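Counting begins at 1 with the first residue of the sequence. If you're wondering where the values come from, they're calculated on a predicted model, not measured in any experiment.
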Amino acid sequence: MKKIDTHCHSLSVSACSHIPAARISEVHHNAGIDMYVLTNHYNHIVNFGEDKNDRIEGFLADFHMAREMGKKIGVTAMLGAEVFFWQRYMENGEEKTKHADFLLYGITESFIRKHYPLYELSQKELFELCCSENVIMIQAHPFRIEQKHQPFDLKYMHGMEIYNGHPHFSPGTEQVKELTKDIDGFYYTGGTDMHIKEQAGTAGMYVPDEVECIEDLCFAIRNGQTKIFPLDAE
């Protein structure tokens with residue numbers, strides 16, 4: 001089976017990352033990862049200028065760089081995104097906010113160009129769009145309470161990240177299992193949430209050797225052909 005990291009970030013799109021797009025394929029290669037989904041942050045903070053097209057092409061530029069460098073060393077880079085949402089809610093008479101990031105698998109460059117800016121949609125609207133475009137929508141690290149992340153509406157997502165490998169936060173595995181144990185057809189993913197090179201290879205998914213592109217990955221997820229490491233053996 002192949003090893004894939006389904007959650008990672010590169011400079012300059014994800015400002016919190018320390019790995020330039022020109023090096024991220026090499027970092028994965030050195031860690032024994034065959035392929036990865038570049039899920040850079042997609043939110044109102046990412047700004048490559050006032051012009052819409054500049055913002056879109058700026059988001060895609062890191063993917064283009066990562067993909068071309070990957071081709072040279074035999075690592076497959078796939079396009080993804082991590083879309084940010086927030087909601088206000090009342091608790092004991094006090095207004096609070098909760099956050100959610102959604103990982104999108106199966107998007108294309110034309111999808112990004114056509115539907116910008118995704119973060120202005122509601123969760124329901126994004127889910128319906130993903131369903132219409134054959135895109136898988138996964139809530140990332142839903143129990144990262146330190147950053148105000150909470151589970152959003154389970155009806156409007158395809159699954160959750162059941163293992164997040166960020167070294168500063170809990171993986172969230174047991175909480176996700178308990179919350180979703182009675183839901184049929186719910187998808188689970190795992191990834192490093194890589195921002196520094198030391199995270200490379202520490203988490204991800206085993207997929208069949210036949211997986212070569214993002215469409216193949218989506219097929220494998222939908223058909224239960226994946227295993228998550230370090231939770232599962234190959």
May I ask you to decide if [Y]'s main-chain N or O and [X]'s side chain share a donor-acceptor pair within less than 3.5 Å?
X      : Y      : result
Gln175 : Phe143 : no
Gln123 : Phe152 : no
Ser25  : Ala66  : yes

> Please, which pairs that meet salt bridge (charged side-chain N to carboxylate O under 4.0 Å, His left out) have at least one residue in residues 16-28, sequence neighbours excluded?
Replying inline: Arg23-Glu26
> For Asp34 and Thr76, what are the C-alpha separation, side-chain angles and deciding distance, and is it a side-chain hydrogen bond (donor to acceptor under 3.5 Å, both in side chains)?
Replying inline: CA-CA 7 Å; Asp34 302 294; Thr76 302; over 6 Å; no
> Hey, what's the ring geometry for His195 with His41, parallel, tilted or perpendicular (30° and 60° as the breaks)?
Replying inline: tilted
> In terms of the angle between their ring planes, are Tyr187 and His158 parallel, tilted or perpendicular, with boundaries placed at 30° and 60°?
Replying inline: parallel
So, taking the atom named [atom1] in [X] and the one named [atom2] in [Y], what distance separates them when rounded to the nearest 0.5 Å?
X      : Y      : atom1 : atom2 : result
Ile19  : Asp62  : CD1   : CG    : 11.5 Å
Asp182 : Leu154 : CG    : CG    : 11.0 Å
Tyr119 : Leu126 : OH    : CG    : 13.5 Å
Cys8   : Ile196 : SG    : CD1   : 13.5 Å
Leu118 : Asn43  : CG    : CG    : 11.5 Å
Met69  : Lys71  : CE    : NZ    : 12.5 Å

> Which atom names give the shortest non-hydrogen contact between Ile4 and Val207, and what distance separates them?
Replying inline: CG2-CG1, 3.8 Å
> What is the minimum heavy-atom distance between Glu212 and Met35, and which atoms define it?
Replying inline: CA-CE, 4.3 Å
> Step by step, would you call Ser14 with His9 a side-chain hydrogen bond (donor to acceptor under 3.5 Å, both in side chains)?
Replying inline: CA-CA 6 Å; Ser14 297; His9 301 276; 3.2 Å; yes
Modelled atom types, side-chain donor and acceptor of [X] and [Y], under 3.5 Å:
X      : Y      : result
Thr39  : Tyr105 : no
His115 : Glu120 : no
His64  : Glu57  : no

>> If the condition is salt bridge (charged side-chain N to carboxylate O under 4.0 Å, His left out), which residues does Glu133 pass it with, not counting sequence neighbours?
In response: none
>> Could you see if Leu60 belongs to whatever hydrophobic cluster contains Tyr36? Use Ile, Leu, Val, Met, Phe, Trp, Tyr and a side-chain cutoff under 4.5 Å.
In response: yes
>> Using the rule that Ile, Leu, Val, Met, Phe, Trp and Tyr join whenever any side-chain heavy atoms are under 4.5 Å apart, tell me whether Met137 and Trp86 fall into a single cluster.
In response: no
> Do other residues, nucleotides or ligands put more than 12 heavy atoms under 6.0 Å from Ile145 CD1?
Replying inline: no
> More than 12 non-hydrogen atoms from neighbouring residues, nucleotides or ligands closer than 6.0 Å to NZ on Lys96, yes or no?
Replying inline: yes
> Testing Thr189, Val176, Ile228 for side-chain contact (heavy atoms from CB on, under 4.5 Å) with Glu161, which one passes?
Replying inline: Thr189
>> Tell me whether the NZ or CZ atom of Lys3 lies within the 45° cone about the ring axis of Phe229 and under 6.0 Å from its centre.
In response: yes
> So Thr180 and Tyr188, side-chain hydrogen bond (donor to acceptor under 3.5 Å, both in side chains) or not? Walk me through it.
Replying inline: CA-CA 10 Å; Thr180 63; Tyr188 299 108; 2.6 Å; yes
Find out whether [X] and [Y] are in side-chain contact, i.e. whether some heavy atom of one side chain is under 4.5 Å from a heavy atom of the other.
X      : Y      : answer
Leu103 : His7   : yes
Met194 : Asp5   : yes
Ser10  : Leu38  : yes
Arg222 : Cys218 : yes
His141 : Asp101 : yes

> Quick one: do Asp193 and Arg144 make a salt bridge, cutoff under 4.0 Å?
Replying inline: yes
> Are Glu109 and Arg113 ion-paired here, with the side-chain N under 4.0 Å from a carboxylate O?
Replying inline: yes
> Do Leu79 and Val37 pass the side chain to side chain contact (heavy atoms under 4.5 Å, CB included) test, and can you show the C-alpha distance, the side-chain angles, and the key distance before you say yes or no?
Replying inline: CA-CA 6 Å; Leu79 178 62; Val37 186; over 6 Å; no
>> For Phe85 and His99, I'd like to know if the aromatic rings sit close, meaning centre-to-centre distance below 6.0 Å.
In response: no
> Centroid-to-centroid, Tyr42 to Phe59, below 6.0 Å?
Replying inline: yes
> Is there a side chain to side chain contact (heavy atoms under 4.5 Å, CB included) between Lys2 and Tyr206 once you walk through the steps?
Replying inline: CA-CA 6 Å; Lys2 293 179 179 177; Tyr206 297 111; over 6 Å; no
> For Lys72 and Glu68, what are the C-alpha separation, side-chain angles and deciding distance, and is it a salt bridge (charged side-chain N to carboxylate O under 4.0 Å, His left out)?
Replying inline: CA-CA 7 Å; Lys72 296 178 181 180; Glu68 292 309 306; over 6 Å; no
